[in-house]
Amino acid sequence: APVSKAAAPASAGGFDRAQVIKTLNKVLAASTGFAEDLISEDMSLEDDLGVDSIKRVELVSAASADMGVTVSQEAMTELSRSRTVGDVIN
């Protein structure tokens, strides 16, 4: 029997990937002082942007509030371990 696939990666929680990226970049720019258009998915949160694990949780909270969603404690724990901007988006 065919195995069903999970939702396409282009969608995160029902949101368009581009919308998630735009919201996260806006929050990161406000927090770090980097211009939104200079933030890329391969940037290290800590090394390139100076965002530690506690700040990651704060940023995800702000981004999820902007999008009107709630992030579970389990997801927050996983996100606090994210290394790159792309890890947070995915």
Side-chain angles (χ1 to χ4, degrees):
V3 177
S4 64
K5 292 190 174 187
S11 168
F15 289 92
D16 178 64
R17 182 175 171 80
Q19 179 185 5
V20 173
I21 292 168
K22 182 177 180 177
T23 301
L24 183 61
N25 285 357
K26 181 182 84 170
V27 172
L28 280 167
S31 175
T32 64
F34 277 79
E36 286 182 50
D37 60 341
L38 296 180
I39 298 171
S40 65
E41 290 187 44
D42 63 344
M43 292 180 86
S44 166
L45 290 166
E46 195 155 351
D47 296 336
D48 296 328
L49 298 170
V51 177
D52 63 19
S53 61
I54 294 170
K55 192 69 171 171
R56 285 180 209 133
V57 172
E58 293 170 358
L59 292 170
V60 170
S61 293
S64 62
D66 281 0
M67 293 189 300
V69 297
T70 302
V71 178
S72 71
Q73 185 61 44
E74 180 181 319
M76 279 293 193
T77 300
E78 186 176 326
L79 288 166
S80 72
R81 297 182 187 124
S82 299
R83 293 284 182 220
T84 66
V85 174
D87 289 345
V88 175
I89 293 166
N90 295 324

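- When all heavy atoms of I39 and A29 are compared, the pair lying nearest together is CD1-N, 3.8 Å.
- Using a 4.5 Å heavy-atom cutoff, the side chains of L28 and L59 are in contact.
- Considering all non-hydrogen atoms of both residues, L49 and M43 come closest at CD2-CE, 3.8 Å.
- Side-chain N or O atoms of T23 include none that pairs as donor or acceptor with a backbone N or O of V20 at under 3.5 Å.
- In terms of heavy-atom proximity, S53 sits nearest to S80 at CB-O, 3.4 Å.
- A salt bridge does not link E78 to R56: none of the charged side-chain nitrogens sits closer than 4.0 Å to a carboxylate oxygen.
- Taken from NZ in K26 to CD1 in I21, the straight-line distance is 15.0 Å, to the nearest 0.5 Å.
- Rounded to the nearest 0.5 angstrom, S31 OG and E58 CD are separated by 7.5 Å.
- Under the 4.5 Å side-chain criterion, counting only non-hydrogen atoms from C-beta, V88 is in contact with V60.
- E36 approaches N25 most closely through the heavy-atom pair CG-O, 3.6 Å.
- By the 6.0 Å contact criterion, CG on L38 is enclosed, its count of non-hydrogen atoms from other residues, nucleotides or ligands being greater than 12.
- Between L45 and S82 the shortest side-chain heavy-atom distance falls below 4.5 Å.
- Going from atom CG of L79 over to atom OG of S64 covers 9.0 Å, rounded to the nearest 0.5 Å.
- I89 contributes atom CD1, which lies 4.0 Å from atom CD of E41 (distance to the nearest 0.5 angstrom).
- Using a 4.5 Å heavy-atom cutoff, the side chains of R83 and S44 are not in contact.
- For the pair R17 and N90, the minimum side-chain heavy-atom distance is below 4.5 Å.
- Within the 3.5 Å criterion, the main-chain N or O of T84 finds a donor-acceptor partner in the side chain of D87.
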